[in-house]
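Below you'll find the structure, written out as structure tokens, and then a few comments.
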Amino acid sequence: MKQQIVQILTQVVQQLKNEGVLPEEASVRINVENTRDKAHGDLATNLAMMLTKLAGQPPRTLAEKIVSVIESLADRGAIEKVEIAGPGFINFFMKDDAKFAVVEQVLTQQADFGRCNAGQGRSVLVEFVSANPTGPLHVGHGRGAAYGASVANLLEVAGFDVSREYYVNDAGRQMDILATSVWLRYLQLCGEELTFPSNGYKGDYIFEISEELRREHGETLRKPAFEVFTGVCADEGQTDGDKEKHIDDLIAKAKNLLGAHHYETVFSLALNTILGDIKEDLEGFNVTFENWFSERSLMESGVVDAALEKLQQAGKIYEKGGALWFRSTEYGDEKDRVVVRDNGLKTYFASDIAYHFNKLERGFDILIDVWGSDHHGYIPRVKAAMQAMDTNPEALQVLLVQFAVLYRGGEKLAMSTRSGQFVTLRELREEVGSDAARFFYVQRKSEQHMDFDLDLAKSQSNENPVYYIQYAHARISRVLEQAAEKGLALDLEKGMASLEKLELEAETGLAVQLAKYPETIARAAVAYEPHQIAYYLKDLAHGLHSYYNACQFIVDESEVRNARLTLISAVQQVLKNGLAILGVSAPEKM
RNA sequence: GCGCCCAUAGCUCAACUGGAUAGAGCAUCGCCCUUCUAAGGCGAGGGUUUCAGGUUCGAAUCCUGAUGGGCGUGCCA
């Protein structure tokens with residue numbers, strides 16, 4: 001319907017140009033909106049107000065001209081009535097039968113209803129979560145997971161060719177700290193007396209992995225504690241202590257005493273256990289990836305070196321203080337960035353440059369990174385690197401997610417992976433369920449700060465609006481089932497043919513609401529805003545509940561009955577489609 | 001200090017990206033189950049959109065400044 005109005009208005013603008021009211025060369029953007037208030041009709045345009053400057057006439061006079069042109073048209077499509085209102089809005093009232101046409105569309109397209117081709121098949125790589133595999137996911141990661149997964153689904157429906165990827169940071173110091181932590185716990189299990197480093201990973205999961213290590217390898221990896229700790233810099237809290245130096249020395253000792261092969265054994269057990277746990281956790285959260293991309297593979301395949309070489313050749317690398325620096329300031333970054341440290345080790349940034357370059361080389365048109373907003377300062381340097389390597393920095397879209405601030409009993413919770421004090425995603429899922437958690441996270445705009453009250457989420461889970469939507473879906477199932485039980489099963493063909501029997505306000509309201517679904521998808525997709533879907537679904541569910549209370553669906557008169565059941569079937573389909581984008585189930589029963 | 005993000009009902013958030021009387025949920029108060037699921041519906045109260053200017057037919061939305069909060073500002077990842 002909206003498209004129809006746009007077409008008509010395009011004709012009108014041409015007509016006004018012909019009449020000399022508007023300059024011939026003027027380009028006009030025609031804007032048709034859904035009205036908020038029923039008194040303003042179904043659709044409205046601000047065209048007259050937009051043109052007032054171009055035409056040099058007051059908006060209301062222009063509006064009258066526009067309306068008279070529309071009224072002179074032979075074919076006015078589904079327009080029932082046109083009105084001028086307020087400062088110069090033109091309101092369109094549409095014919096009812098045109099409003100119900102969408103019901104048939106929904107029921108024939110089913111799961112495909114709402115799909116559009118905004119993406120034109122362009123390939124997009126959505127990278128999200130990508131949490132370091134040094135511990136279980138916590139509720140902070142949950143938001144990125146829920147958001148990223150929903151954005152990916154949304155883009156898919158909007159006609160993009162989507163791949164989802166998790167970047168596994170399986171190289172670097174944090175992983176060494178993890179492996180060393182596991183090994184030290186293992187030594188303790190073997191009976192060695194030692195003080196655990198203040199900077200090591202202290203969570204319970206470390207004990208579990210070290211127990212596993214002991215089960216698999218007995219005491220073959222055991223070394224005397226005094227040997228491990230001799231020559232190691234003191235830990236924080238002791239005289240001349242330095243926690244960073246302390247842990248680095250321990251890592252060196254672990255590598256040294258164990259030897260490359262055995263160190264690798266500990267390292268991979270830790271990595272694989274945690275990664276396996278993360279995968280399982282995300283699957284339980286209805287979040288899946290096409291690809292798990294290893295940072296180590298990037299290093300080992302020489303992609304990082306190749307990328308640095310490329311920058312070097314472009315003259316964007318220089319040496320200072322024994323380290324290699326990338327001239328990111330040339331592309332607007334605040335300062336140049338180190339890519340190779342004076343100890344010869346490549347920085348995380350170096351592999352990230354390579355990673356993004358690699359993504360484009362794999363042929364993706366658009367790269368989407370979902371990051372925690374604490375990494376926002378990182379964007380300019382990555383874009384700088386892309387520019388320096390002659391790739392289009394516009395291809396990269398970084399979506400920032402504010403981390404949720406957790407509250408329990410009205411108090412803010414501090415969270416840190418290192419200290420092992422955090423609420424895990426798994427815990428949250430088990431308490432409130434995957435559906436409620438997914439919805440809760442995605443209800444808010446991603447860049448909006450979010451307060452996550454655990455008590456509320458857990459204890460009052462029934463108040464989570466996801467149930468409201470699911471309830472609408474289940475209710476419809478039940479009604480259709482009841483009708484069938486009474487021998488009055490929905491006859492779709494008959495129902496479609498009887499849609500003109502629907503004349504209640506709630507019924508046209510629902511139809512109008514259904515028609516808004518495709519445009520909601522399109523708008524949400526280009527803005528990367530899945531919360532719009534959440535709000536849409538709440539509205540639609542409200543429409544359904546309201547309708548449910550307003551009248552009986554299973555009535556004797558077969559035309560009315562079939563028409564009503566047809567309408568609610570369409571509503572059910574759209575609820576299901578929308579929930580699928582959010583990764584939430586659509587239950588038949590509740 | 002500098003940079004980025006944010007500020008809307010008592011609380012948590014929307015507002016079709018500049019449109020008409022700023023809307024929902026929770027909380028509070030009334031009403032509705034002999035009717036297809038009450039995890040529901042109907043209604044009431046609640047606002048100087050942090051503040052001060054500016055841009056224009058029109059501002060919660062854009063610009064400037066102030067105030068308050070979050071984050072960043074490593075040869076960490």
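Just so it is clear: chains get the letters A, B, ... in the order the sequence lines come, proteins before strands, and each one is counted from 1.
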Residue pair His356(A), Val382(A): steps toward the side-chain contact (heavy atoms from CB on, under 4.5 Å) verdict: CA-CA 8 Å; His356(A) 283 87; Val382(A) 173; 3.9 Å; yes

Residue pair Thr35(A), Phe89(A): steps toward the side-chain contact (heavy atoms from CB on, under 4.5 Å) verdict: CA-CA 11 Å; Thr35(A) 54; Phe89(A) 287 101; over 6 Å; no

Test salt bridge (Lys or Arg N to Asp or Glu O under 4.0 Å) applied to Arg381(A) and Asp352(A), step by step: CA-CA 10 Å; Arg381(A) 76 189 75 166; Asp352(A) 226 18; over 6 Å; no

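Here Tyr517(A) and Tyr536(A) bring their ring centres to under 6.0 angstrom of each other.
Both distances falling under 3.5 Å, in either a Watson-Crick or a G-U wobble arrangement, place C4(B) opposite G70(B).
U17(B) has its base syn relative to the sugar, with a glycosidic angle deviating from 0 by at most 90°.
The CG atom of Leu62(A) sits 17 Å away from the P atom of G58(B) (whole-angstrom rounding). Atom P of nucleotide G41(B) and atom CG of Leu504(A) are separated by 18 Å, given to the nearest angstrom. Counting to the nearest Å, the C1' atom of C26(B) and the OH atom of Tyr468(A) are 14 Å from each other. Across the protein-nucleic acid pair, Arg143(A) atom CZ and U12(B) atom C1' stand 12 Å apart, rounded to whole Å. Following rounding to the nearest Å, Ile568(A) (CD1) and U37(B) (C1') show an atom-to-atom distance of 12 Å. Here the P atom of nucleotide G40(B) and the CD1 atom of Ile469(A) are 12 Å apart, to the nearest Å. Taking atom CH2 of residue Trp371(A) and atom C1' of nucleotide C71(B), one finds them 15 Å apart after rounding to whole Å. In this structure, Leu544(A) atom CG and A38(B) atom C1' are separated by 15 Å, rounded to whole Å.
Nearest-nucleotide positions on RNA chain B for Thr52(A) and Gln443(A) put Gln443(A) closer to the 5' end.
Using a 4.5 Å heavy-atom threshold, the side chains of Val151(A) and Phe128(A) count as separate. Using a 4.5 Å heavy-atom threshold, the side chains of Tyr378(A) and Val398(A) count as separate.
For the P atoms, the distance from A14(B) to G25(B) is 16 Å, rounded to whole Å. The P atoms of C6(B) and C13(B) are separated by 14 Å, rounded to the nearest whole Å. Distance noted for atom C1' between C4(B) and C51(B): 22 Å (whole Å). U61(B) sits 30 Å from A44(B) when the C1' atoms are compared, rounded to a whole Å. The C1' atoms of A7(B) and U50(B) are separated by 7 Å, rounded to the nearest whole Å. Spacing between U49(B) and A59(B) at atom P, rounded to whole Å, works out to 12 Å. Nucleotides A27(B) and U35(B) place their P atoms 26 Å apart, quoted to the nearest Å. Taking atom P on both nucleotides, G45(B) is separated from C62(B) by 31 Å, rounded to a whole Å.
The residue Gln57(A) sits apart from the nucleic acid: no heavy atom pair falls under 4.0 Å.
The number of heavy atoms from other shown groups lying within 6.0 Å of CG (Asn343(A)) is above 12. No more than 12 heavy-atom neighbours from other residues, nucleotides or ligands sit within 6.0 angstrom of NZ on Lys576(A).
A side chain to side chain contact (heavy atoms under 4.5 Å, CB included) with Ile5(A) is found for exactly one of Leu43(A), Ile30(A), Val82(A), namely Leu43(A).
When distances are taken from the side chain of His531(A) to each of G41(B), C5(B), A15(B), the shortest belongs to A15(B).
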Contact letters for nucleotides 16-23 of chain B, in which S counts primed atoms plus P, OP1 and OP2 and B counts the base, heavy atoms under 4.0 Å: BB-BB---

Check: protein-nucleotides 28-36 of chain B nitrogen or oxygen pairs below 3.5 Å:
{"residue": "U35(B)", "atom": "O2'", "partner": "Gln552(A)", "partner atom": "NE2", "Å": "3.0"}
{"residue": "U35(B)", "atom": "O2", "partner": "Gln552(A)", "partner atom": "OE1", "Å": "3.2"}
{"residue": "C36(B)", "atom": "O2", "partner": "Ile554(A)", "partner atom": "N", "Å": "3.3"}
{"residue": "C36(B)", "atom": "N3", "partner": "Phe553(A)", "partner atom": "N", "Å": "3.1"}
{"residue": "C36(B)", "atom": "N4", "partner": "Tyr548(A)", "partner atom": "O", "Å": "2.7"}
{"residue": "C36(B)", "atom": "N4", "partner": "Cys551(A)", "partner atom": "O", "Å": "2.6"}

Anything under 3.5 Å between a protein N or O and an N or O of nucleotides 72-77 of chain B, put it in a table, one pair a line.
{"residue": "C75(B)", "atom": "OP2", "partner": "Lys335(A)", "partner atom": "NZ", "Å": "3.2"}
{"residue": "C75(B)", "atom": "O2", "partner": "Asp342(A)", "partner atom": "N", "Å": "2.9"}
{"residue": "C75(B)", "atom": "O2", "partner": "Asp342(A)", "partner atom": "OD1", "Å": "3.1"}
{"residue": "C75(B)", "atom": "N4", "partner": "Gly321(A)", "partner atom": "O", "Å": "3.0"}
{"residue": "C76(B)", "atom": "OP2", "partner": "Arg341(A)", "partner atom": "NE", "Å": "3.2"}
{"residue": "C76(B)", "atom": "OP2", "partner": "Arg341(A)", "partner atom": "NH1", "Å": "2.8"}
{"residue": "A77(B)", "atom": "OP1", "partner": "Arg341(A)", "partner atom": "NH2", "Å": "2.9"}
{"residue": "A77(B)", "atom": "OP2", "partner": "Tyr348(A)", "partner atom": "N", "Å": "3.2"}
{"residue": "A77(B)", "atom": "O2'", "partner": "Asn132(A)", "partner atom": "OD1", "Å": "3.4"}
{"residue": "A77(B)", "atom": "O2'", "partner": "Asn132(A)", "partner atom": "ND2", "Å": "2.6"}
{"residue": "A77(B)", "atom": "N1", "partner": "His375(A)", "partner atom": "NE2", "Å": "3.3"}

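Applying the side-chain hydrogen bond (donor to acceptor under 3.5 Å, both in side chains) criterion to His545(A), with sequence neighbours excluded, gives Arg475(A). With sequence neighbours left out, Thr180(A) forms a side-chain hydrogen bond (donor to acceptor under 3.5 Å, both in side chains) with no residue at all. Glu33(A) is linked by a side-chain contact (heavy atoms from CB on, under 4.5 Å) to Asn31(A), counting only residues two or more places apart in sequence or in another chain.
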